[in-house]
Number of protein chains: 2
Amino acid sequence: MNTSFSIIIADDHAMFLDGLTSILSKEKTIHISLTAKTGAQVLKYLRINTEEKIDLVITDINMPEMNGVELNTAIKSEFPQIKTLVVSMLEDAKKIKALTEANVNGYISKNAEKTELLKAIKSILNGENYFSPRIKQVLMEAMFSKKSKPEISLSKREIEVLKLIAQEFTTQEIADKLFLSKHTIESYRKNLISKLGVRNLAGLTRYAVEKGMLE
Amino acid sequence: MNTSFSIIIADDHAMFLDGLTSILSKEKTIHISLTAKTGAQVLKYLRINTEEKIDLVITDINMPEMNGVELNTAIKSEFPQIKTLVVSMLEDAKKIKALTEANVNGYISKNAEKTELLKAIKSILNGENYFSPRIKQVLMEAMFSKKSKPEISLSKREIEVLKLIAQEFTTQEIADKLFLSKHTIESYRKNLISKLGVRNLAGLTRYAVEKGMLE
DNA sequence: TTGAAACTCACGGTTTTCAGTGAAAACAAA
DNA sequence: TTTGTTTTCACTGAAAACCGTGAGTTTCAA
């Protein structure tokens, strides 16, 4: 039986990495095999040191080169026995969802207490998954809001036209750009207005900007 | 002469706080008087413990109750002899500028190395200010871009009208709301269009949304 | 292969916006 | 006190957007 667990910590914030290391190095049952600043470094290490048994990888989401989601997916496909815990600042529902789909074993916030961190690690090493209450809530809300909102879906053309409208092009100009009739663009504009529940160009533009469709 | 410096650390992220504490507690010349999760806690402590001499307060920008900028302003006005260092994730030019105007003594990023952290602390305790190269760059760029842009300034009424336009109200509706003539609103709209260098409602709306005028 | 969704086009009528031009009154700053 | 800014209002003609209604074609999944 294993009396000590080997873990890897990855985070691009040096101070946070130091902090986490210093907290965990006080735990007798935990051995820190590697601290890394990118997901790529972690993968490289795992691929080379095939004889060393790693139990857990603790990782941030936002890292250069390879982010947390990619790293998790890679680990779970190449080394399915290794557990993963994400410790992140973010509470972005999309990213959290992506992580659960990548079968991450736990997720806690960076402003969690030390005790919660240790609790999460112990749970995961014990074979359970651990998600902090706040994260569970975000996940629930994401599911819930998806059901409540009829999920307005726009077609390719609609998106194309909407973007151009928000970029201040007139109907005629958009028609010329897309080699379509002026009437066609008018139809799209009309449909967009009714689909998105807005009243005019201002509403369409606001929708586009707020959804980050322009860049 | 002082052989040991007393410092306070404030950050709402428990793990980061632990990390910073564990790094700094290894330094013989540094004594950690308090670790806090909010700016308000720090101020309270400073006001009560008037006999204890604090040399440096290390703080994040984003904290509940009282943020880094507010905390800095308060410290500098009530306890001008206390030095301050901001350690933050953000590189938002506006916030950084606000901090420099609050006379913060240093600013480094959370992904700075431990060595840079210690360097910054030592510089500041030595009477110098310390801003990491990256932060200096952001500040320079902010200054530079401000000079290049003629700084479009809108009057109260213009802002009022612009907001309503971006909220999908028609000219007539805005006129009614503000008890003005339809013609007046038309004048404002026209001026806004030429002032902001846009072509139509879409452009006005984009400007308003991107400047965060709606909320 | 069949039906739904997406894509395309058309037209007449109404409302709103856009562009140009002008100007009076109030107010603050120099 | 003069100058500049802000706020307010007016009119016209052209352009664009908005509204309703209808319909042919393509495309893709069930």
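Values in this document were obtained by computation on a predicted structure and should not be read as measured data. Every chain is numbered from 1 and lettered A, B, ... according to where its sequence line falls, protein lines coming before strand lines.
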Please report the distance, rounded to the nearest Å, between [atom1] in [X] and [atom2] in [N].
X	N	atom1	atom2	answer
B:Asp176	D:dC9	CG	P	12 Å
B:Ile193	D:dA15	CD1	P	16 Å
B:Ile174	D:dT7	CD1	C1'	16 Å
B:Leu196	C:dC18	CG	P	13 Å
A:Glu168	C:dT17	CD	P	16 Å
B:Ile159	D:dT7	CD1	P	9 Å
B:Ile165	D:dA17	CD1	P	16 Å
A:Asn200	D:dA16	CG	C1'	13 Å

[X] bridged to [Y] by N-O distance under 4.0 Å:
X	Y	answer
B:Lys119	B:Glu113	no
B:Arg199	A:Glu173	yes
B:Arg157	B:Glu160	yes

Inset, instruction - Give a yes/no answer on whether the side chain of B:Arg189 brings an N or O atom under 4.0 Å of OP1 or OP2 in C:dT17. - result: yes
Legend entry - Angle between terminal axes - the helix from C:dT1-D:dA30 to C:dA30-D:dT1, 5 pairs each end, rounded to 10°: 60°
Are more than 12 heavy atoms from other residues, nucleotides or ligands located less than 6.0 Å from atom [atom1] of [X]?
X	atom1	answer
B:Lys195	NZ	yes
B:Lys163	NZ	no
A:Lys37	NZ	yes

Atom pairs under 3.5 Å: protein N/O with N/O of nucleotides 6-11 of chain C:
| residue | atom | partner | partner atom | Å |
| --- | --- | --- | --- | --- |
| C:dC7 | OP2 | A:Ser155 | OG | 2.0 |
| C:dT8 | OP1 | A:Arg157 | NE | 3.3 |
| C:dT8 | OP1 | A:Arg157 | NH2 | 2.9 |
| C:dT8 | OP2 | A:Arg157 | NE | 2.7 |
| C:dT8 | OP2 | A:Tyr188 | OH | 2.9 |
| C:dC9 | OP2 | A:Ser181 | N | 2.8 |
| C:dC9 | OP2 | A:Thr184 | OG1 | 2.7 |
| C:dC9 | O5' | A:Thr184 | OG1 | 3.2 |
| C:dC9 | N4 | A:Ser187 | OG | 2.6 |
| C:dA10 | OP2 | A:Ser181 | OG | 3.1 |

Legend entry - Spatial distance of atom CD1 (B:Ile58) from atom CD1 (B:Ile7) [nearest 0.5 Å]: 4.0 Å
Legend entry - A:Leu56 side chain near A:Asn105 side chain, heavy-atom distance below 4.5 Å: no
Legend entry - For B:Ser6 against B:Ser33, the heavy-atom pair lying closest together: CB-OG, 3.5 Å
